[in-house]
Amino acid sequence: MSQVWIVKRKHLYLAAAVLILLLSGVLFLSRGKILPTLAEPTAERTIHMVVGEFKSTTKDGKTIEAYRWDPGTIVIQKGEKIKLSIYGVNGESHPFLIEGMNISGEVQKGKETVIHFTANQEGTYRIICLTHADIAHGGPMIGYLVVD
Ligand SMILES: [Cu+2]
């Protein structure tokens, strides 16, 4: 006895339903893969700084120098997660604070200092080395974090 395939309307509906389910499943999964990249603006951004030194000799033979944060100004988006990495090249130690952000730390020669923060308020924040804060003390070692 040979079998005869009888395609009923009911079967077509069932096949269509299964196909729609499979397609929506594939779309849902691929959508899930795209979403994390859409969420990326909240990821932490790394900014690199170096401690350097300007040094010169005046006409009368006097050596003058100033330690510096380099770059001297960084621009941050309001609400952006920041990883600030500071590498100490010149000078043994630079204890610092960031005004208005309740952040402090120390940069040492040959070492990387890393700080994490999110600036939620617009403004210009100074990063100040407490040892070299002005000209009289081998500075001004002051940098500017512009949050905008
Ligand atoms: Cu310093």
Side-chain angles (χ1 to χ4, degrees), residues 9-148:
R9 187 168 288 179
K10 199 168 76 180
H11 293 143
L12 282 175
Y13 286 148
L14 198 68
V18 168
L19 201 68
I20 286 167
L21 273 173
L22 283 172
L23 277 174
S24 58
V26 166
L27 284 173
F28 180 77
L29 286 176
S30 60
R31 191 171 162 263
K33 278 173 190 158
I34 293 163
L35 275 176
T37 58
L38 288 174
E40 222 159 84
T42 58
E44 198 174 50
R45 180 162 68 99
T46 302
I47 295 176
H48 296 277
M49 254 188 181
V50 169
V51 169
E53 182 185 22
F54 289 146
K55 204 169 192 174
S56 186
T57 309
T58 61
K59 280 178 189 169
D60 53 358
K62 187 183 158 201
T63 298
I64 52 173
E65 58 187 328
Y67 291 107
R68 298 291 300 154
W69 304 106
D70 184 88
T73 301
I74 59 175
V75 179
I76 297 161
Q77 299 303 307
K78 184 180 162 186
E80 191 180 18
K81 281 184 190 169
I82 297 295
K83 174 186 169 183
L84 179 60
S85 154
I86 311 173
Y87 182 55
V89 175
N90 292 105
E92 291 302 322
S93 166
H94 304 278
F96 68 90
L97 59 81
I98 302 177
E99 264 182 348
M101 284 194 187
N102 198 27
I103 296 169
S104 60
E106 184 186 4
V107 178
Q108 293 178 314
K109 187 190 279 275
K111 288 183 180 168
E112 182 193 24
T113 297
V114 175
I115 50 175
H116 302 266
F117 64 92
T118 303
N120 290 314
Q121 211 164 354
E122 286 182 14
T124 300
Y125 301 85
R126 301 194 301 169
I127 175 167
I128 303 171
C129 173
L130 301 171
T131 306
H132 311 109
D134 54 32
I135 293 171
H137 298 92
M141 191 177 167
I142 298 173
Y144 302 89
L145 282 59
V146 179
V147 180
D148 124 49

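Both ligands and their constituent atoms are indexed starting at 1 by order of listing. Keep in mind that the numbers below use all heavy atoms, side chains included, and drop hydrogens, waters and symmetry copies.
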Got a sec: does the CZ of F117 have more than 12 other heavy atoms crowding it under 6.0 Å?
yes

So which pairs with a foot in residues 93-116 pass salt bridge (Lys or Arg N to Asp or Glu O under 4.0 Å), sequence neighbours left out?
E99-R126

Please confirm if an N, O or S atom belonging to M141, backbone or side chain, lies less than 2.8 Å from the Cu ion (ligand 1).
yes

Once the angle between the rings of H94 and Y67 is folded into 0 to 90°, is it parallel (under 30°), tilted (30 to 60°) or perpendicular (over 60°)?
perpendicular

Among the N, O or S atoms of H94, which one sits nearest to the Cu ion (ligand 1)?
ND1

Could you state the interatomic distance from CZ (R68) to CE (M141), rounded to the nearest 0.5 Å?
8.5 Å

For the Cu ion (ligand 1), what is the closest N, O or S atom on H132?
ND1

